[in-house]
Amino acid sequence: MAKPIVNKITPFDAEMDKEIGFAWNGSQPYANRLVIYNADSMEMVYDKKITTFTHSHTIPAGTLKNGKQWIAQFQTFDVDDLESGLSDKRYFQTFKTPLFYFYGLENGQTIPSASYEAQIYYFQEDYEDIQSFRFSLYDGTKTLLKESDTLYNSDKISYTYKGLDNHTVYYLKCHGITVNGMEIDTGYIEIYTDYKMPSTYGIIYAENDPLHGYIKYHTNIRIIQYNGSKTFRFENGMIDLRNDEEGIYYEEGFVIEDDFTLKLRGMYLNQTATILKLRNTQYSLLVESFLKEDGTTRFKLTVPNRLGNYILYSDALAFQAADMVCIWIRRVRDIYQLEILVDPDFTEENNLWYGQQMPGTGLEVYDSWIDAPNLFTYAVERDGMNIHCSDSEPDETKTDDLWI
């Protein structure tokens, strides 16, 4: 005798209605019967016949319990109430819907930059892990603009949205699948971008540096985003590219016109490598380093022109791998200068940050952020903080002290 086939049943929350379906190759069914058993005890927990032409049946909320495995069987009835055979058993599971939302982000929140590092909070009370997830970006009409690759690192469910236009409404969404196949999503979260993007420089601050013989100028800066899908973390204002053969590239968001002065700052440059390439439709520029047999390093600047290459070499310099090296390049009326300086005062110690929300991508430079629940995020200056490394809590501490 013909019998229906129960469609695959993905895990669902038993506290909500759930429609499940079946396939049937026979006369038009006028009714169907769904029978559900507890898979452990084989106790029947649901048996109901409904009149419908559709090949589906809705399990009412609260009929089953979460954290259990079940068995479903279907039976169909024709216009004369003649019944089919019971289908083969189909096993399925029910789980409490996990908590799954953007951490530290509220609906309608304003984002003060062209990028946003989104983090997802995930928790399932039966400790069902998430298997994969994907982030999406929509415009103000909820039209999909871009999607991330499918990601699998459940230790940190995060993604950086880049290249957001200013004064624009977007919707963010994250879709996930648990290890047992339950589909979850955050829903649409509306954001609005509002960040400073000056067309001309405003206030300029000058700071004399007598040790190196130059003046530092600070002004408003527009942060530009690199292209590509890689995720990099800024540490002390730098990106670690030591084990990355491809590097990163920028192709939009900035223009260098006429004369200029360019500063490159980096560590671990005592090696033979290509450090920087600049190119547009007319000009190009290449900076390379060469490690010599005596342990010194020379830097080379190559600027192609119509007759050949404009080439400058630095002196051979001896410095440690962790030293901060500053490469200065200047062009004045098509004449180039190359100067290399080693900064002896550089230190990797910076401020610590405390609070729920990770510091923004402004001009702040930090190397440690402590996720302290229920606290506003604020900086603690390193000069006014003591660090205690001990198995026991210090006897006397100040408000901004840190005990590890």
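Hydrogens, waters and symmetry mates play no part in the numbers below; they use all other heavy atoms, side chains included. As the structure is a computational prediction, the values presented were derived from the model and not from experiment.
Taking each heavy atom of Pro98 and Tyr122 in turn, the nearest pair found is CB-CE1, 3.4 Å. Residues Ala14 and Asn66 come closest through the heavy atom pair N-OD1, 2.8 Å. Looking at every heavy atom in both residues, Leu105 comes nearest to Ile111 through CD1-CD1, 4.1 Å. For Val303 against Ser284, the heavy-atom pair with the smallest separation is CG1-O, 3.6 Å. For the pair Ser158 and Phe133, the tightest heavy-atom approach, listed with the atom from each and the gap, is N-CE1, 4.2 Å. Residue Thr160 comes nearest to Ser115 through the heavy atom pair CG2-CB, 4.4 Å, listed as atom of the first residue, atom of the second, then distance.
In this structure the side chain of Thr296 never reaches within 4.5 angstrom of the side chain of Leu317, judged on heavy atoms. Under the 4.5 Å side-chain criterion, counting only non-hydrogen atoms from C-beta, Thr10 is not in contact with Glu183. Two residues are said to be in side-chain contact when any heavy atoms from C-beta on lie closer than 4.5 Å; Trp70 and Leu64 meet this criterion. The shortest side-chain heavy-atom distance between Leu286 and Leu301 does not fall under the 4.5 Å cut-off. Val287 has its side chain out of reach of Thr302: every pair of non-hydrogen atoms, C-beta onward, lies at least 4.5 Å apart. Residues Asp13 and Phe95 are not in side-chain contact: their nearest non-hydrogen atoms beyond the backbone lie 4.5 Å or more apart. Counting only heavy atoms from C-beta outward, the side chains of Leu276 and Leu264 approach each other to under 4.5 Å. Side-chain atoms of Leu338 and Ile327, non-hydrogen and from C-beta on, do get closer than 4.5 Å to each other.
For the atom pair OG1 of Thr63 and NZ of Lys18, the computed distance is 14.0 Å after rounding to the nearest 0.5 Å. In this structure, the separation between CD on Gln93 and CD on Gln69 is 5.0 Å, given to the nearest 0.5 Å. The structure places OH of Tyr195 at 6.0 Å from CG of Asp165, a figure rounded to the nearest 0.5 Å. If you take CG on Leu145 and CG on Leu137, they are separated by 5.0 Å, rounding to the nearest 0.5 Å. The CG atom of Leu262 sits 11.0 Å away from the CZ atom of Arg331 when rounded to the nearest 0.5 Å. The distance from atom CD of Glu339 to atom OG of Ser314, rounded to the nearest 0.5 Å, is 9.0 Å.
Under a 3.5 Å cut-off, the side chain of Tyr46 and the backbone N or O of Ile59 do not form any donor-acceptor pair. Not a single donor-acceptor pair under 3.5 Å links the side chain of Thr54 to the backbone N or O of Thr52. Under a 3.5 Å cut-off, the side chain of Asn107 and the backbone N or O of Glu190 do form a donor-acceptor pair. Ser87 contributes no side-chain N or O that, together with a main-chain N or O of Ile5, makes up a donor-acceptor pair within less than 3.5 Å. Checked by atom type and distance alone, the side chain of Thr58 never pairs as donor or acceptor with a backbone atom of Pro60 at under 3.5 Å. Side chain of Asn38 to backbone of Met42: no donor-acceptor contact under 3.5 angstrom is found. No side-chain donor-acceptor contact under 3.5 Å links Ser132 to the backbone of Thr150. Listed for the Arg134 side chain is no donor-acceptor partner under 3.5 Å among the backbone atoms of His175.
Taking the six-membered ring for Trp and thresholds of 30 and 60 degrees, His55 and Phe22 have nearly parallel ring planes, at less than 30 degrees apart. Between Phe299 and Phe319, the two ring planes are parallel [angle under 30°; tilted spans 30° to 60°]. Ring planes of Tyr192 and His167: parallel class, angle under 30° (limits at 30 and 60°). Taking the six-membered ring where the residue is Trp, Phe92 and Phe12 present parallel rings, their angle staying beneath 30° rather than reaching 60°.
For Gln320, the CD atom is loosely surrounded, since the number of other residues' heavy atoms within 6.0 Å does not exceed 12. Within 6.0 Å of CG in Asp315 there are 12 or fewer heavy atoms belonging to other residues, nucleotides or ligands. Annotation: Asn25, atom CG; neighbour count of heavy atoms from other residues, nucleotides and ligands within 6.0 Å does not exceed 12.
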Start with the C-alpha distance between Leu341 and Trp328, add both sets of side-chain angles, then the distance that settles side chain to side chain contact (heavy atoms under 4.5 Å, CB included), and finish with yes or no. CA-CA 8 Å; Leu341 300 172; Trp328 290 88; 3.8 Å; yes

Criterion side chain to side chain contact (heavy atoms under 4.5 Å, CB included) on Arg330 and Val332, from CA distance to verdict: CA-CA 7 Å; Arg330 172 173 289 179; Val332 179; 3.7 Å; yes

CA sep, side-chain torsions, deciding dist, call: Thr97, Met16, side chain to side chain contact (heavy atoms under 4.5 Å, CB included): CA-CA 10 Å; Thr97 300; Met16 296 183 288; 3.4 Å; yes

Verdict with supporting geometry, Cys326 and Ile340, side chain to side chain contact (heavy atoms under 4.5 Å, CB included): CA-CA 6 Å; Cys326 298; Ile340 311 298; over 6 Å; no

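When Tyr170, Tyr101, Tyr138, Phe102 are each tested for a ring-ring contact (aromatic ring centres under 6.0 Å, His included) with Tyr188, only one passes: Tyr138. Residue Lys96 is tested with Glu15, Glu125, Gln124, Glu128 for a side-chain hydrogen bond (donor to acceptor under 3.5 Å, both in side chains); the sole match is Glu15. The ring-ring contact (aromatic ring centres under 6.0 Å, His included) test with Tyr30 singles out one residue from Phe77, Phe53, Trp24, and that residue is Phe53.
For Asn180 and Thr178, the side-chain atoms include no donor-acceptor pair closer than 3.5 Å. Using modelled atom types, one finds a donor on one side chain and an acceptor on the other under 3.5 Å when comparing Thr76 with Ser84. With hydrogens and angles left out, the side-chain atoms of Gln119 and Tyr103 include no donor and acceptor closer than 3.5 Å.
If you look at Tyr121 and Phe100, their ring centroids are not closer than 6.0 Å.
Remark: Lys173 fails to qualify as a cation-pi partner of Phe135 under the 6.0 Å distance and 45° angle criteria applied to the six-membered ring. By the 6.0 Å and 45° rule, Lys300 does not stack over the aromatic ring of Phe290.
No salt bridge links Arg298 with Glu293; every basic N to acidic carboxylate O contact stays at or beyond 4.0 Å. Taking 4.0 Å as the cut-off between side-chain N and carboxylate O, Asp259 and Arg333 do not count as a salt-bridged pair.
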